[in-house]
Undergrad: 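Mind looking over this structure? Questions follow.
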Amino acid sequence: MKISNMPANGKKVIVVGAGLGGLTAAIKAANAGFEVQVYEKNEHPGGKAGSVNLDGFRFDTGPSLLTMPFVIQQLFKDCGRNIDDYLKLKPLDQSCKYFYPDGTVINAYRDKTKFAAEVEAKTSVKAADVHRFLDYSKKIYDLTADLFLFSPFRGIKSFLNGKAFRTLLNLRKIDSTRTMDEAVRSFFKDGRVVQLFNRYATYNGSNPYEAPATLNIIPHVEHNLGTFVPEEGINAVADALYKLALEFGVKFDFKTEVERIFYKNGKVFAVHANKYDQFCDAVICNSDITYAYTQMIHLPKSKKAVKRVHRDASSSALVYYWGVKGISENLEIHNILFSEHYFKEFEDIFERKIPPDDPTIYIYISSKYKPSDAPQGHENWYVMVNAPFNHNQNWKHEAAYMKDEILDKIERILKIDLRERIVAEDILTPDLIEERTLSYRGSLYGISSNGRYNAFLRQSNRSKDIKGLYFCGGSAHPGGGIPLVVLSGNHAANCLEEDLNSGKL
Ligand SMILES: Cc1cc2nc3c(=O)[nH]c(=O)nc-3n(C[C@H](O)[C@H](O)[C@H](O)COP(=O)(O)OP(=O)(O)OC[C@H]3O[C@@H](n4cnc5c(N)ncnc54)[C@H](O)[C@@H]3O)c2cc1C
């Protein structure tokens, strides 16, 4: 049953991929009156935001942390729905618990004053400096969010309105010429606090020693705006979007890979899927853009978009899903065990392209907020370390080696001997991420933002080369991570609607 807010407009759009970006684009296009068909190569929607059941344990397979929930709330509102009927989002009182090799433990509380006091109590940094840093982070967000996040960036044309032009005049304030690390060190001298804020580069798979300080907006997003979890686990976001899409009459073909996107005279007219050419008026591509340009869209190599696609991928990860016997009272939902040599860790990942020998370990335990994710007296540990993108390393070997490192470090820092307590196990490696979601080299967030300009050079949501072709997802504007891919789906569908209204489709 189709209940879109607009009458059918007689145009058909095909969405390639049912990741969170593709699902959003499909919903918005259907809501605007398009007939929407989604082709997804996997058996289920959600892409990287998946879920796996293992011997009585449930794990979110990819994302574990949700920020900017208002982006998803707005999507439901735009569609005339109350999000609470689909997804229950809970703010967390503590976004993370940080463990350092020297024994320091810092609790990152949601309450800013409490967090700043905690930093002052545990390190040599004054609470006022934490506030000063978070104010600086907010300033960058206020100056950039409208232009770089909440609208489809159109290159130089994007600066042709008053607010955007002001951003241009304030380029120094958005701090694009320093690296994240240089900026963080200008606020703090204590290495532990520098490490804490440098870590936010990993939220888009980048290197804090290379990425522009503009990305220091991320602490604002987490500390000032807060972190959230859906009551049913992160995968519930995909379920909620899928449910809404079905209500809007979107059709899904799963286990169906799109092999080609066809265009003639510079305009899209079909895709090849399910052994046939499937005709349409437009295509929204949620596939990784490198895969899209190299496999599906046969554009001349001279085109700028094609030249860009082989820029460095963002980092990947090794993830261990462990069913663990016993309850760990000293851990929170999100926990970080920092490495001793942060600079070297990123050198290993991005330059040597090897898994770091002293990795920072992230532990996410969803059974702490959703007890049914583990049998009684047990917990579901999602243990992740950052890893280089896939360039045909022997991941079985790397994963086995890293497992020992992780178990040793957990024993050393948390005083927990997991070896006897793991009762179920599955492992995700970069090559599997690539195979399962076709993400370029198994990267988590598309292209990395290392270097001064990469963050600003993502694939735009509307193709500049082919009419009727749009892009969404982690490798398109505005980038990877749940809220950003939802925004990208929004932007792609808005561009589609704009083109329809201006007679370009
Ligand atoms: C281990 C891990 C941890 C992460 N942690 C976080 C986190 O804590 N917080 C956060 O916000 N983000 C996190 N992310 C990133 C986040 O998951 C992604 O940015 C986001 O889910 C990507 O959405 P997407 O729309 O780009 O689609 P994807 O999830 O990349 O899905 C694309 C879909 O398209 C399908 N597809 C591709 N090509 C074709 C084709 N030719 N034909 C048919 N189907 C096709 C794929 O099968 C896939 O289902 C993490 C990711 C991973 C892997």
Side-chain angles (χ1 to χ4, degrees), residues 14-26 37-50 59-69 71-72 95-96 202-205 218 221-222 227-229 234-235 237-238 241 252-261 271-274 283-292 294-297 314-321 334 362 364 382-387 427-430 432-440 442-446 459 471-476 478-489 492:
I14 287 177
V15 178
V16 183
L20 300 182
L23 288 168
T24 304
Q37 168 72 56
V38 179
Y39 293 114
E40 165 55 57
K41 103 179 170 52
N42 291 326
E43 286 177 4
H44 44 76
K48 295 184 183 80
F59 298 87
D60 287 315
T61 54
S64 54
L65 186 85
L66 180 68
T67 53
M68 300 169 74
V71 168
I72 301 178
S95 61
C96 195
T202 64
Y203 279 35
N204 81 351
I218 305 173
V221 167
E222 185 160 309
T227 53
F228 294 76
V229 284
I234 292 280
N235 178 247
V237 176
L241 297 186
F252 287 84
D253 276 9
F254 291 104
K255 295 207 273 185
T256 305
E257 185 162 340
V258 170
E259 289 158 40
R260 276 287 299 274
I261 295 174
V271 305
H272 189 81
N274 263 342
V283 169
I284 299 179
C285 181
N286 181 215
S287 185
D288 185 289
I289 57 147
T290 304
Y291 185 83
T294 54
Q295 308 295 323
M296 287 190 281
I297 309 166
S314 58
S315 56
S316 188
L318 288 165
V319 189
Y320 301 81
Y321 310 105
H334 303 287
Y362 167 64
Y364 161 56
Y382 161 121
V383 178
M384 180 172 109
V385 298
N386 293 314
I427 301 176
L428 183 68
T429 49
L432 289 177
I433 297 173
E434 179 168 4
E435 185 187 309
R436 289 175 190 169
T437 63
L438 300 181
S439 108
Y440 178 53
S443 60
L444 305 192
Y445 300 93
Q459 168 66 50
F471 295 94
C472 65
S475 55
I482 298 175
L484 301 200
V485 300
V486 170
L487 285 171
S488 77

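In listed order, ligands and their atoms are each counted from 1. Predicted model, so just to flag it, every value in this text is computed and none were measured.
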Undergrad: Identify, by atom number and element, the atoms of ligand 1 in contact range of G19, meaning under 4.0 Å from any of its heavy atoms.
TA: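 That gives atoms 25 (O), 27 (O), 31 (O), 33 (C) of ligand 1.
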Undergrad: Please check: side-chain N/O of Y382 versus main-chain N/O of G62, any donor-acceptor pairing under 3.5 Å?
TA: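 Checked: pair present.
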Undergrad: Closer than 4.0 angstrom: is that true for some heavy atom of S64 and an atom of ligand 1?
TA: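 It does; at least one heavy atom falls under 4.0 Å.
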Undergrad: Hey, which atoms in ligand 1 end up nearer than 4.0 Å to a heavy atom of M296?
TA: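 Those of ligand 1 that fall under 4.0 Å from M296 are 41 (N).
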Undergrad: Do L318 and M384 have side-chain heavy atoms sitting under 4.5 Å apart?
TA: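 Of all side-chain heavy-atom pairs linking M384 with L318, none is under 4.5 Å.
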Undergrad: Ligand 1 versus L438, non-hydrogen atoms closer than 4.0 Å: side chain, backbone, both, neither?
TA: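 Looking at L438 and ligand 1, just side chain atoms fall under 4.0 Å.
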Undergrad: I'd like the name of whichever of G481, G479, G474 reaches closest to atom 19 (O) of ligand 1 through any heavy atom.
TA: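 Checking each option, the heavy atom nearest atom 19 (O) of ligand 1 is found in G481.
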Undergrad: T67 near ligand 1, heavy-atom distance under 4.0 Å?
TA: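 It does not; every heavy atom stays at 4.0 Å or beyond.
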Undergrad: Using a strict cut-off of 4.0 Å, indicate which atoms of ligand 1 neighbour a heavy atom of Y39.
TA: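 Per the distance check, 43 (C), 44 (N).
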Undergrad: Students should be able to answer this: which protein heavy-atom is nearest to atom 42 (N) of ligand 1, and at what distance?
TA: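 Nearest protein contact, heavy atoms only, for atom 42 (N) of ligand 1 is V258 N, 2.9 Å.
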Undergrad: A side-chain contact here means heavy atoms from C-beta on lying under 4.5 Å apart; do V319 and V383 qualify?
TA: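 Not in contact.
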Undergrad: Go through the side-chain N and O atoms of Y364 and D60 and say whether any donor and acceptor fall under 3.5 Å apart.
TA: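 Distance-only check passes for Y364 and D60.
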Undergrad: As an exercise, identify every atom of ligand 1 less than 4.0 angstrom from a heavy atom of G62.
TA: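 Those qualifying, in numeric order: 1 (C), 2 (C), 3 (C), 4 (C), 5 (N), 52 (C).
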Undergrad: Can Y382 be said to touch ligand 1, with heavy atoms closer than 4.0 Å?
TA: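 Yes; Y382 lies near enough to ligand 1 that a heavy-atom distance drops under 4.0 Å.
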Undergrad: Considering the heavy atoms of N42, write down every atom of ligand 1 situated less than 4.0 Å from one of them.
TA: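 Those atoms are 47 (O), 49 (O).
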Undergrad: Report the part of Y203 in contact with ligand 1, treating N, CA, C, O as backbone and CB onward as side chain, heavy atoms under 4.0 Å; options are side chain, backbone, both, neither.
TA: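 Within the 4.0 Å criterion, Y203 makes no contact with ligand 1.
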Undergrad: Provide the number and element of each atom of ligand 1 under 4.0 Å from a heavy atom of V16.
TA: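 Once the distances to V16 are compared, the set is 39 (C), 40 (C), 41 (N), 42 (N).
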Undergrad: Given 3.5 Å as the limit, does a donor-acceptor pair link the side chain of S314 with the main chain of S443, or not?
TA: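 Not at all, since once roles are kept as given, no pair shorter than 3.5 Å links the two residues.
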Undergrad: Just to be sure I read this right, does ligand 1 sit under 4.0 Å from the backbone of L65, its side chain, both, or neither, counting only heavy atoms?
TA: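 Both backbone and side chain.
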Undergrad: For the residue pair Y362 and S64, confirm or rule out a side-chain donor-acceptor distance under 3.5 Å.
TA: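 Short answer, yes.
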Undergrad: Quick one: look at R436 and ligand 1, take heavy-atom pairs under 4.0 Å, and tell me if it's side chain, backbone, both or neither.
TA: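 Backbone only.
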Undergrad: Can you confirm whether L66 sits close enough to I72 that some side-chain heavy atom of one is under 4.5 Å from a side-chain heavy atom of the other?
TA: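 The answer is yes; the side chains approach within 4.5 Å.
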